[in-house]
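Read through the structure below, which is laid out as structure tokens, and then see the notes.
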Amino acid sequence: MSDDRRLFFAVEVPDAIRQEIIDWRARHFPDDTGRPVAAASLHLTLAFLGEVSAAKSQALCAQAARIRQPGFSITLDDAGHWPRSRVVWVGPRRAERGLLQLASLLRAQAARSGCPQRSLPFLPHITLWRQARHDIALPAPGFLWRWQVDSFTLFESQFQSGRVRYRALESWTLSQ
Ligand code: 2AM
């Protein structure tokens, strides 16, 4: 049996902001918009690794542990709808350099370790709806949520009882 696991690096969203996002979603979108992402699953992906063997994930963790960079803040002040991937998201209008730097480092490490990365530019976002209807009316953002990021986390994506769950495996602190 394969020991491969579906993994990704992400930034966790603080509980209070998670709740505000969920409240905003409930106020502005009807229930039939699509498949809502559970509050506990909200995250901002830095690098998607795909199906990874235990040996490769150990190597990726060792590289992640060597990253030295200060923390940064994330400001969520934008919302969007990507009809092709059928995703509705919130995200930063302008990402801080630290966020872009961390994602680009993790994506480069992943690519060097044999996890192919999409050639698309990194567009930081937090998915709120999947399989979204094509005709949704996107509300004006009208929010500004900001927090200081001082760590990043490796998650496993598991499919259990018909649902996708994300399990935090290991976190690393950002510091010089
Ligand atoms: P999404 O929210 O835009 O769909 C776990 O699946 C996380 O990894 C999700 O945040 C998802 O982004 C992202 N993800 C899934 N498949 C991906 C891929 N092939 N390339 C980049 N990110 C991916």
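Quick note: residue numbers are just sequence positions, from 1. As the structure is a prediction and not an experimental result, all values here were calculated from the model. First listed ligand is number 1; within each ligand, the first listed atom is number 1. As a basis for the values below, the full set of heavy atoms in this structure was taken, side chains included, without hydrogen atoms, waters or symmetry mates.
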Open item on the list: Quick check on contacts: which atoms of ligand 1 are under 4.0 angstrom from a heavy atom of R118?
Closed with: 17 (C), 18 (C), 19 (N), 20 (N), 21 (C)

Open item on the list: I need the nearest protein heavy-atom contact for atom 6 (O) of ligand 1: residue, atom name and distance, please.
Closed with: Y166 OH, 3.9 Å

Open item on the list: Parallel, tilted or perpendicular, judged at 30° and 60°: which one describes the rings of Y166 and H43?
Closed with: perpendicular

Open item on the list: List ligand 1 atoms under 4.0 Å from R130, heavy atoms only on the residue side.
Closed with: 1 (P), 2 (O), 4 (O), 9 (C)

TODO: Compute the shortest N/O to N/O distance between H125 and ligand 1 and return yes if it is under 3.5 Å, no if not.
DONE: yes

Open item on the list: How far is atom 8 (O) of ligand 1 from the closest protein heavy atom, and which atom is that?
Closed with: F48 CD1, 3.3 Å

Open item on the list: Please confirm whether the ring centroid of W24 lies under 6.0 Å from the ring centroid of F29.
Closed with: yes

Open item on the list: Side chain or backbone, does T45 bring an N or O within less than 3.5 Å of an N or O on ligand 1?
Closed with: yes

Open item on the list: Testing the basics here: between S171 and T153, what is the closest heavy-atom pair and its distance to 0.1 Å?
Closed with: OG-OG1, 2.7 Å

Open item on the list: Give the atom numbers and elements of ligand 1 that come within less than 4.0 Å of a heavy atom of H43.
Closed with: 7 (C), 9 (C), 10 (O)

Open item on the list: Ring-plane angle category for F143 and W145, please: parallel below 30°, perpendicular beyond 60°, tilted otherwise.
Closed with: parallel

- [ ] Compute both the distance and the angle, then confirm whether R35 meets the cation-pi test with W129: under 6.0 Å from the six-membered ring centre, within 45 degrees of the axis.
- [x] no

Task: T127, any N or O under 3.5 Å of ligand 1 N or O - done: yes

- [ ] Indicate yes or no: at least one non-hydrogen side-chain atom of Q101 is less than 4.5 angstrom from one of Q69.
- [x] yes

